Structures are given as structure tokens and as C-alpha cells.
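Written below as C-alpha cells is the structure these notes are about.
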Amino acid sequence: MSDQELAKDLGPFAALTIGVGTMIGAGIFVLPGEAITRAGSFAIGSFVLGGVIALLTAFSASELGTAMPRSGGAYFYVNRALGPLFGSIAGWANWMGLAFASAFYMVGFGQYVVAITGGELTLGPVAGLTVGVPVGTTGVALAAATLFVLVNYVGAKETGRLQNVIVGVLVLILAAFTVAGSLRADLSNVPAGTGVSPMLTTTGLIFVSYLGFVQITSVAEEIKDPDRNLPRAVIGSVLIVTLIYALVLFVMSAAVEQGYIAGLGGGDIAVVEVARLVLGPLGAVAMLVGGLLATASSANASILASSRINFAMGRDRIVTPELNEVHPRFGTPYRAIAVTGGFILLFIAVADVNTLSTLGSILHLIIYGLLNLALLVMREADVADYDPSYRVPLYPATPILGAVLSFGLIAFIEPTVILVGAGFVAFAVLWYLAYARSRTTARGELTEYVLSRADEMPEPAVSAVTAAQPDGGEFRVMVPLANPETERDLVRLGAAVASRRGGVLEAVHIVSVPDQTSLSYAADHVDSFDDYAGELLERARIDAEGMGVQVETSTVISHRAFEEVFDAARTKDADLVVMGWGPDSHGSPGRVEGALDDLTERLPCDFLVLRDRGFDPSRVLVPTAGGPDSDLAAETARHLRDAFGSEVTLLHVADDRAEGESFLETWAAERGLEDADRVVETGDVEEAIRRTAADCSLMVIGATREGLIRRLVGGAIPMTVVDDVDCSVLLAERPRHGSLRERLLGR
């Protein structure tokens with residue numbers, strides 16, 4: 001097996017740029033006027049306080065990032081440490097927080113467009129007429145959001161490159177503004193502060209300006225010397241951005257006379273008007289351009305980031321993995337982007353700019369608070385594989401203070417907005433209990449810690465953790481039955497897997513009736529269409545219970561036989577289907593992929609397809625070249641070994657014997673088959689399989705990754721070898737993503 005590695009091509013400056021680029025944006029171009037109006041000179045303190053909270057969280061994110069460099073950032077750390085209940089809260093808060101932030105950025109974009117156009121876009125002359133089209137903030141925001149969602153829908157790479165250019169321009173504009181403004185700054189112009197409480201409320205408003213620095217941890221695997229450069233980039237980016245924000249706020253407060261900003265009209269943008277005084281008309285134009293770029297780039301970055309969150313949540317089954325399906329042409333997670341886009345448009349339509357900003361802030365304050373708690377859990381639980389190369393200073397004071405300030409600041413936000421934020425948290429909890437708890441399997445380190453010390457812990461804590469832990473649902477093995485001659489072997493095989501997984505076997509008898517016969521009539525006269533009705537399922541029940549496995553039985557009447565297997569697997573939420581393979585199996589002409597209709601769909605779950613020549617699991621052969629289908633084959637062989645005491649032989653064919661032996665040793669160890677015999681051959685693959693299979697009673701082989709037509713016409717290895725060996729063959733195939741063209745042609 002050849003492991004894939006990411007090149008470490010991000011130097012310290014590139015990593016720092018990612019952090020700065022994800023934060024410098026709409027917040028500093030849209031919010032300073034409102035912040036100064038609310039808090040006076042204390043608006044500077046609001047931005048500094050926001051920076052302090054972000055900095056405390058940056059320390060925790062740096063330690064967690066060096067210990068667990070995984071996609072998903074804060075959501076992943078919370079889910080791993082606190083468990084999927086809090087993971088659901090963090091994931092939904094992160095996702096919706098980014099959607100609110102994107103909506104806020106787009107409304108800001110609309111304000112800038114209105115400021116540039118004066119509220120009217122002139123078209124013409126057309127046919128001698130000049131037409132003035134009214135331009136409103138909300139209309140522009142909706143149109144721009146639609147455009148950005150479409151841009152991300154068709155290709156993220158191009159937007160990512162554009163983002164770097166925009167960030168550079170923004171830094172230059174803000175630097176010029178700050179330098180020029182400081183030359184005419186007068187401390188007597190600085191307005192009086194309005195008090196600590198308004199300052200804290202304002203901090204809740206502007207905290208949206210500090211989103212995104214945690215994203216650096218998502219690319220930790222690509223950073224050179226991450227032990228040093230990742231903390232430098234995360235912490236350094238927060239410090240730099242906080243300094244820029246503080247300087248810009250100071251210049252805006254000191255460069256113009258007191259009351260100037262508060263006296264601006266509703267259509268005026270404070271940073272633009274101050275730039276007009278400081279730098280003249282050219283400065284106002286530069287700030288207008290900067291505002292457009294900032295709001296656009298911030299929205300783009302948020303939409304990009306949301307797809308990463310969706311991916312991580314789907315990987316943990318907090319949401320359906322179907323959400324992350326990649327578009328066959330554009331290569332983008334189009335469903336996640338489309339759903340996020342829908343939320344953004346809705347939020348633009350129903351909320352004003354301050355509400356959008358504050359909701360984006362409050363949801364991220366929740367995430368940052370949980371992230372600091374996650375660090376405490378990882379430290380205190382003494383997790384075996386937790387070995388960060390960077391550790392937060394002044395532990396545990398730093399993460400405790402970070403959590404307290406993050407959660408505490410929420411109390412100073414407008415009560416109505418707090419209620420909306422609490423509603424999202426409540427929804428995330430209900431979502432976990434109603435949907436994710438029965439699907440996700442990984443328990444957090446907090447759960448492991450409490451349950452491993454149940455005798456020492458307070459009973460309420462143990463009960464709460466036990467009640468909230470994921471159950472992953474019952475592992476369901478579906479066995480569609482059609483042929484009494486092979487029914488017992490399929491049930492034994494399915495029951496063996498179900499018993500090892502602690503699951504349930506569901507025997508499904510699919511009765512096929514002609515198209516001319518109504519299904520309701522067939523249901524009342526099922527004995528007329530199937531001689532084995534009732535008897536088949538009773539035998540299955542006896543066989544499965546004889547192996548100590550819980551069994552459920554059902555009969556499905558259908559006009560289709562083969563296709564119904566796939567529909568039933570979806571309906572019954574099967575994790576694995578064990579079915580026969582041959583002329584008498586479910587009406588199939590002898591091939592799993594015999595139905596054209598199913599070419600357009602993915603397998604609903606794992607499949608094991610048995611070419612039965614007498615089920616004897618005593619000597620099992622697993623040929624492997626790596627890949628997910630071979631993983632399923634190895635997993636199945638391990639279950640057979642545990643259930644029937646099978647002797648397992650692994651076979652790998654390689655050009656170089658030494659490399660082949662190294663690969664097979666590692667592959668076996670990673671899949672719990674260290675005790676299996678290992679055979680490495682060189683030369684022709686098919687011949688090696690035939691030769692080795694001669695001494696085996698059952699071969700378990702992963703389905704080829706080649707396309708279906710190629711399998712049918714050209715005969716890929718698993719589809720030809722099975723006809724040449726004497727033993728039974730079990731074909732293992734996992735669901736895979738891909739377009740119809742890829743499934744048909746294999747590319």
C-alpha cells in the first residue's frame with residue numbers, strides 16, 4: 001500500500017498570510033462607524049478585547065492543531081474531546097455562523113455598491129433613452145450572494161487564488177489610511193467613552209471581525225516545521241490583525257472632529273467619509289474599492305470554509321455524508337455549497353446588518369468557548385495519543401480564561417439575539433438526539449474518561465454521559481433470499497458478520513410478480529407466486545438464531561427482483577447486504593451490475609456477493625492490492641476467522657518481492673490480520689491468484705475499481721478469476737462516489 005502524503009510547501013509567511021487573510025475583511029470596512037457611535041473611544045477597547053479573546057483561543061487552537069492536524073478545525077477538536085453532542089453544537093454553530101457572517105458581508109457589499117452608485121444605476125442611452133435603475137442594499141446583497149455561491153459551485157480553486165490578491169490590496173489600503181490618518185490625528189478629537197457595558201455590547205457586534213484564524217490548523221499537514229510555524233502563524237495573525245484594527249479605529253476617532261462620525265447620514269459609510277477627509281477623493285475611492293473587495297473576499301472565504309465544516313460533519317455522520325458529494329464536472333461539494341447558499345439568501349432577506357453581524361459573532365463565541373474546554377479535556381483526560389509539540393502558556397489559566405471570556409461576552413449581547421443563538425444551540429442538540437446519535441459511533445474523550453472512572457464519578461454525571469453517548473444504531477446485515485439451495489449459506493455468512501458486529505440480521509424474501517399483476521393482488525395471493533413463501537424465512541430465522549444472532553424477517557412483493565435488493569437496502573437502512581451471485585439470484589442474469597437502472601446510482605451500503613460452490617470458510621484467501629474494497633474483504637475475513645476459526649491467507653502480487661512483503665506486512669497489521677499467512681508473488685496476477693486459491697476453500701476478493709463496462713467486456717481480474725477457481729468466491733464492494741461516466745468507463 002502506498003500512503004499518500006501532503007507536501008509541506010507552506011512556509012511561515014504563507015501560513016501567516018492564511019490567518020491574516022481570513023480575518024481582514026468586511027468587519028473593519030463596515031463596522032467601525034457603528035462601533036464608535038455606540039462606544040465612543042471605547043470602540044478601540046472593543047476591538048482590542050475581541051483580539052484578546054481571539055488570542056486566548058489561538059493559544060488553545062495552536063496546541064490542538066499540532067496534536068491533531070485534521071480538516072474541520074474547531075469542530076473536529078470539540079467533537080473529539082467533548083463528544084458528538086457538543087460536536088453537533090460546534091458543527092452547526094460553525095456552519096450557521098459562517099452563513100450569518102457571509103450574509104453580513106454581502107449586505108456590507110450592498111452598502112458599498114449603493115454608496116458608489118448613489119442608489120441608482122444609469123443604463124443607456126438605449127434607443128435614445130437613458131434609464132435609471134434604483135439600486136437597493138438588500139437587492140444588491142441577494143444578487144451578489146447568488147453570484148458568489150455560483151462561483152464557488154463551479155470551482156473553488158480559482159476563487160482561492162483571487163483571495164490572496166485581494167488580501168494584499170486590502171492591507172495596502174489600510175496601511176496607507178493608517179499612516180496618513182495618524183499625521184492629522186489629534187487626541188482632543190477622540191470622543192469620550194460611553195462606558196464598559198456599551199463597550200462589551202459593541203465587542204459582541206464586532207467579534208465577527210475575528211473569524212477564521214483557526215482555519216490555519218486545517219492545513220497543518222502542509223506547513224513546513226509545523227511544530228514552530230503553526231503556533232507562530234495562528235498567534236501572529238491574531239496579533240497583527242488586532243494591531244491593524246486598533247490603529248484604524250484610533251485614526252478614525254482622532255483624525256476627525258468629535259461628533260463627525262455620529263453625524264453622518266444613514267447612507268454614508270464612516271471609513272469612506274473619514275478617508276475622504278484624510279486622503280481626499282482618491283482616498284474615498286480607494287476605500288470604496290477596498291470595501292467592495294473586503295466584503296466580497298470575506299463572503300467568499302466563509303463559503304469556502306463552510307464546505308470544510310460540512311465535510312468534517314459528514315465524515316462523522318453528524319450530517320449525512322451525501323451532503324458532501326463532489327460534482328462530477330466541477331469537483332466541488334455542490335450540495336453543501338447550494339444548501340449554504342440557500343441559508344445565506346434567507347438570512348439576507350430577513351435580518352439587518354447589525355443582527356447578522358452579532359449572530360455570526362455569538363455563534364463563534366460559542367465555538368471558541370467549547371474549543372478552550374476541548375483543550376482542558378484533552379489535557380486532563382490524559383489521552384494516550386495526544387502529544388502536542390506546542391503547549392499553551394500558563395495552563396490551565398489560559399484556556400479557562402478563554403472559555404470564560406468567550407461565553408461571558410455573550411451575556412452582554414442584545415437579549416433578542418441571544419435567544420436566536422440559543423435557538424440554534426437547542427436545534428443542534430435536538431438534531432443530535434433525533435438524527436446523529438443513531439448514526440455516529442465515535443465517543444469523545446470526555447465520555448471515555450467519565451465512564452472509565454464510573455465508580456469515582458458522581459452518579460448524575462455518569463448517567464448524563466451514558467444517556468448522551470452515541471449508539472451508532474444497530475449494525476444491520478440484510479440477506480435477500482431467492483434460492484432455497486443457497487439460502488442457508490447466505491444466512492450463515494450474514495449471521496457470522498452480524499454476530500461479530502453485535503448487530504441484527506434481516507432476512508428479506510423478495511417475491512417477483514409480473515408487471516400485469518397488481519402488487520395488492522399479489523400480496524393477497526403470495527402463495528400463488530412463490531412456492532417457498534413462509535418456509536424460506538422460517539428456515540432463515542432458525543439458522544440465524546442457531547448462531548445466536550437476532551433476526552428479523554420480511555417479505556417484499558415487487559415487479560422487480562434484482563433492483564428491489566438495492567431499494568430494500570436503502571429502505572431498511574442496511575449497513576451490509578449479503579446476496580447470492582448466479583443465474584437464479586434475484587432474477588439477475590448472473591452479474592451484480594446486471595440492471596442498467598442501477599448504473600446511475602451508487603451502492604447504498606457495503607455488499608458481499610457470494611458465488612457459492614459449497615460454503616466452507618475453513619481456509620480463506622484474500623488477494624489484495626489495497627483500496628477500500630480490499631479493506632472490506634479483510635474485514636470480512638477477520639469476521640470469518642473469529643466466527644469459524646478460519647485460516648486466513650493474504651496474497652499480494654508485486655513487481656518487487658521485498659516491497660511486496662513490506663506492503664503486505666503493514667496492510668495486515670493495520671487490519672487486524674497479523675496472524676494470517678502472507679504470500680507475495682511476482683508475475684501474472686490472475687495466475688498467482690489461481691495457483692494460491694487451489695489450496696483454499698473460500699476466496700474473498702475486493703471488487704475491481706475498473707468501470708462496469710470494462711468489467712463486462714474486458715473482464716477485469718475479479719470478474720474472470722472467479723470463473724477459473726474451484727472454491728467459492730465472495731466479492732466485496734464498498735459504495736464509492738463517481739459520475740455515471742466514471743462508473744461506465746472507469747475513468
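Nothing here was measured: the structure is a model prediction, and the numbers come from that model.
- For V417, the side chain to side chain contact (heavy atoms under 4.5 Å, CB included) criterion is met by T358, L359, I413, E414, not counting sequence neighbours.
- Taking the six-membered ring wherever Trp is involved, the centroid distance between the rings of Y368 and F213 falls below 6.0 Å.
- The aromatic rings of F347 and F100 sit parallel to each other, their planes meeting at less than 30°, with 60° as the upper class boundary.
- Proximity of the aromatic rings of F424 and W92 is defined here by a centroid distance below 6.0 angstrom, and this criterion is not met.
- S41 places a side-chain N or O within donor-acceptor distance of the main-chain N or O of G193, the cut-off being under 3.5 Å.
- The backbone N or O of I318 sits less than 3.5 Å from a side-chain atom of W431, completing a donor-acceptor pair.
- Across N310, N152, V151, L150, a single residue satisfies side-chain contact (heavy atoms from CB on, under 4.5 Å) together with I337, and that is N152.
- A donor-acceptor pair under 3.5 Å is absent between the side-chain atoms of Y390 and the main chain of S60, judged by distance alone.
- Distance alone, capped at 3.5 Å, places no donor-acceptor pair between the T355 side chain and the A351 backbone.
- No donor-acceptor pair under 3.5 Å is formed between the side chain of T398 and the backbone N or O of Y395.
- Looking at Y245 and S209, their side chains come closer than 4.5 Å, going by heavy atoms from C-beta outward.
- Checking side-chain atoms of S102 against main-chain N and O of I344 turns up no donor-acceptor pair under 3.5 Å.
- Checking side-chain atoms of S298 against main-chain N and O of A294 turns up a donor-acceptor pair under 3.5 Å.
- P399 pairs with exactly one of L394, V377, L373, V392 by the side-chain contact (heavy atoms from CB on, under 4.5 Å) rule, that one being V392.
- A donor-acceptor contact shorter than 3.5 Å links the side chain of S237 to the backbone of V234.
- At distances below 3.5 Å, at least one donor-acceptor pair connects side-chain atoms of T66 with backbone N or O atoms of E63.
- Not one N or O on the side chain of S88 forms a donor-acceptor pair closer than 3.5 Å with the backbone of L85.
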